[in-house]
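Order of appearance sets the numbers: ligands from 1, and atoms from 1 within every ligand.
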Amino acid sequence: MGTMKILILLLLSALLLVTEITAQHLKQRRDLTEHERTEHHRFDDVEKWARVFEDTARDEWQMPNEVIETIGIAKGTVIADIGSATGYFPVRFARVATEGQVYGIDIESNLVDYLNARTAREKLPNLKSILGDPDDPKIPERVDLVFICDTYHHIHKRGKYFENLKKYMQPEGRLVIVDFRKGDLPVGPKDEMKLAEEEVVRELTAVGYRLQPNSAQLPYQYLLVFDLNVNRPE
Ligand SMILES: C[S@@+](CC[C@H](N)C(=O)[O-])C[C@H]1O[C@@H](n2cnc3c(N)ncnc32)[C@H](O)[C@@H]1O
């Protein structure tokens with residue numbers, strides 16, 4: 001075979017290989033959900049996010065003590081914080097629910113490790129961080145309170161997710177959502193990522209949660225308290 005023919009054959013083989021690799025890559029991309037493609041590794045840089053989430057300047061507008069007072073956390077309350085990240089709220093919950101249990105659920109293993117190390121450092125035996133799945137928080141027991149701060153919009157297929165969540169809640173359990181209001185705010189994500197309060201209420205009432213009144217007044221966020229709309233005997 002002449003050198004030219006060998007070169008053409010080599011070139012064709014290389015072309016076939018590149019086409020196959022590209023096809024496989026495109027298939028893998030199609031198999032990933034939009035969430036996994038765009039958001040899954042957004043929280044990789046733990047130290048950076050710890051500086052953002054735990055910034056003391058946040059306390060001024062996040063008003064964690066007022067949030068805890070509004071929700072009404074007791075010594076024995078069992079709580080799951082979904083999207084616990086570096087522990088801003090779960091650490092504070094654990095300091096109040098000293099005879100209860102707090103689970104910090106996150107889908108990023110580095111954040112779970114970070115929070116468990118923080119728990120040991122700050123001696124909070126009643127706080128444990130657990131790796132959840134994007135579609136199932138895998139809470140180890142039924143809880144009195146599920147708390148979700150600035151994370152609701154990260155959850156995909158929310159109808160199914162919140163339907164499934166009920167199995168981790170006590171019949172009298174409550175679900176609290178804190179998230180940024182729509183509009184141009186000095187803090188929080190871009191407007192297009194945010195969900196209006198009415199949208200959250202519509203989605204959750206559609207799958208059986210019932211909105212309860214509360215007195216929270218946060219400068220940039222809404223705080224919604226739901227219970228399970230179960231029929232209780234008179
Ligand atoms: C904006 S951060 C909120 C952090 C925290 N709640 C706070 O107030 O400081 C969103 C967090 O939710 C986590 N997350 C995203 N989707 C999730 C899901 N389906 N289940 C649990 N955690 C999720 C992310 O890994 C990230 O730690």
Do any heavy atoms of Pro134 fall under 4.0 Å from ligand 1? yes
Judged on heavy-atom distance to [atom], which of [options] sits nearest?
atom: atom 11 (C) of ligand 1; options: Asp133, Val52, Thr151, Asp135; answer: Thr151
atom: atom 1 (C) of ligand 1; options: Asp150, Asn110, Asp136; answer: Asp150
atom: atom 7 (C) of ligand 1; options: Gln62, Arg58, His154; answer: Arg58

Kindly confirm or rule out an N or O of [X] lying under 3.5 angstrom from an N or O of ligand 1.
X: Cys149; value: yes
X: Ile155; value: no
X: Asp81; value: no

Matching residue for Met169 among Ile139, Leu228, Leu145 - test: side-chain contact (heavy atoms from CB on, under 4.5 Å): Leu228
Of Leu115, Asn110, Asp113, which meets side-chain contact (heavy atoms from CB on, under 4.5 Å) against Val46? Asn110
Could you tell me whether the side chain of [Y] reaches within less than 4.5 Å of the side chain of [X], counting heavy atoms only?
X: Arg158; Y: Tyr152; result: yes
X: Val67; Y: Phe147; result: yes
X: Val91; Y: Phe89; result: no
X: Asp133; Y: Lys138; result: yes
X: Ile148; Y: Phe162; result: yes

Can you name the atoms of ligand 1, numbered from 1 with element, that are less than 4.0 Å from a heavy atom of Ile82? 20 (N), 21 (C)
If the cut-off is 4.0 Å to any non-hydrogen atom of Leu111, which atoms of ligand 1 fall inside it? 25 (O), 27 (O)
Give the contacting part of Thr86 toward ligand 1: side chain, backbone, both or neither, where contact means a heavy-atom distance below 4.0 Å. neither
